[in-house]
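What follows is a set of notes on a single structure, which appears directly below.
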Amino acid sequence: MLSIEALSKVYADGTRALEDVSLAVEAGEIVAIVGGSGCGKTTLLRLVAGLDRATQGAVRIDGEVIDAPHPAVGLAFQEARLLPWLRVRDNAGFGLQHMATAVRRHKVDDALARVGLTAHADRWPRELSGGQQQRVSIARALVPGPKALLLDEPFSALDAMTRASLHEHLLALWDESRPTVVIVTHDVEEAVTLGDRVVVMQPNPGRLFETIGVDLPRPRRPLDLGFDSAKHRVLRALDASLGGRERFPGTAGDSAAKATPATGRRRWG
Amino acid sequence: MASVDLISGRPPAADAAPAADAGGAATRRPAAGIWLVGVVLPLVVAVGWEAAIRFGLVQGRLLPPPSRIFDTLVTLARSGDLATHVLATLSRIGLGFAVGAAAGTAVGALTGASRPLRRVLDPTIQALRAIPSIAWVPLFILWLGIFEASKVTLIAVGVFFPVYLGVMSAIASVDRKLIEVGRVFRLSPLALVRRVLLPAVLPAWVTALRSGLGLGFMFVVAAEFMGASEGLGYLLVDGQQLGKPDQILAAIITFAVLGKLCDSLIVALTAPLLAWQDTARDRL
């Protein structure tokens, strides 16, 4: 279990990025975090990843405090951040250097197959599209077998069609070992598609506003029964979190999810 | 850069193109021997020059025709003198370049990676860099004598600065985001250097080495001017003192060929390490 306990972060310039955020994520649960800009989503994720130190509070995974990058926590960034001098295979296996070559190769091949990039294993990152690069990035984070996977707006730079197919690839990877997933996104549709729970955060200072459970079977599609009502609950919460001042542009993914190809789907519990 | 074609006999980007548009890459592949185009201009000039002298349009005493320069080259080569001079010059450059490049890489890596070290060392090094390296010659001769040590030192100093500058700025400007990837995967400082920093600065390092080598050739001439009994620089001085312009031009042409070959060697040796780059090799 990933537990975030009364976490606060004040930056050196006095910005209160996070204030008293507590959240418990069950093992194997997928939690999506949405919120207006400046609500501390990314700060929260960086604290959980151990990249930054919290001003107050703590992050624990199965009781163990995280204050530096930890083997139990994998992170994929907003940009793919592949190393351009490594082939796709070596990028995906970047976190496995300590393992025997044969084991590493097996794990990497398996992960690349799950994200549909077997044929690209020996390519350079520059030869891949943005969506393919992001798949490698997620595979790289998952290949070492972390207990928790953190995703920081990993699909935000991609077009809507690509994003929809990446949701499937992500769930395919997730289904193998069922890690805890925390995904930060600004796309409400993405949050409802992926999350068991959607956590809405509020800016100035960043804090939790509301948690909305999404009790729909996977795979979820925007036309599914109940999808719209879940989405509306999230949008309403977002609206309220911003004091009704600005409308949250959360419907960007509409046409995309409709275009999701039906092939290669798995059934989720 | 045509040198890649010269060495490998094939266009540099041919195997770098994505397989997906391999067809497109094939159509872009230049015809074999396209580099010959670069030979046209010097050839035309040489033939025109030769003709002008043959037809008595100009006097060839101070500007000897290509045929006489070629004869001089052949004579020098036959007698074994050319090999002796080339070897002397190359061994000076080789030693000076090795020392200068190694020192420049090491110091540049240290100052690039450590901000405190940069604050302490860089201003001094930049001030030293501002001194025209030839200005050191009298001091080096006093300190190290007029033989090899002072010559090699001068070349090493000349090579040091561009390599230092290139490596330092490359390391200091490695993408912080990639370094963060290393942190996420808990790389030790040493592993971070080996797996992220070094590969990231490799292209800039090669460029720095190449400008360093260029300066090495410049300073070997200066070094050989200050008193040498062999070397291409000696041939130049000797040609001036004995009034043999053909020998001077023969030495200059040899320099051009040697410089180009050494540069191509660096490019060819590092090419496999830089295959991941996107077309950059054409720009280098």
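In what follows, every chain begins at residue 1, and chains take the letters A, B, ... in the order their sequences are listed. Values below: all heavy atoms of this structure, side chains included; hydrogens, waters and symmetry mates excluded.
- With a 4.5 angstrom heavy-atom cutoff, A:Pro144 touches chain B only via side-chain atoms.
- Chain B forms the most heavy-atom pairs under 4.5 Å with one residue out of A:Pro71, A:Pro125, A:Gly74, and that residue is A:Pro71.
- A:Thr185 and A:Glu190 share a donor-acceptor pair across their side chains, judged by distance under 3.5 Å alone.
- Using a 4.5 Å cut-off between heavy atoms, A:Leu128 makes no contact with chain B at all.
- The pair B:Glu180-B:Arg176 counts as a salt bridge, with a side-chain nitrogen and a carboxylate oxygen less than 4.0 angstrom apart.
- Contact of B:Ala200 with chain A is made through backbone and side chain together, with heavy-atom distances under 4.5 Å.
- A salt bridge links A:Asp122 with A:Arg89: the closest approach of a Lys/Arg side-chain nitrogen to an acidic carboxylate oxygen falls below 4.0 angstrom.
- Heavy atoms closer than 4.5 Å to chain B are found in the side chain of A:Phe77, but not in its backbone.
- In this structure, A:Leu151 and A:Leu170 have side chains that are in contact, with non-hydrogen atoms separated by less than 4.5 Å.
- Salt bridge present: A:Asp187 and A:Arg163 bring a charged side-chain N and a carboxylate O closer than 4.0 Å.
- Residue B:Leu187 touches chain A through its side chain alone, counting heavy-atom pairs closer than 4.5 Å.
- One finds a salt bridge joining A:Asp175 and A:Arg178 here, because a Lys/Arg side-chain nitrogen approaches an Asp/Glu carboxylate oxygen to under 4.0 Å.
- Neither the backbone nor the side chain of A:Arg87 comes within contact range of chain B; no heavy atoms are under 4.5 Å apart.
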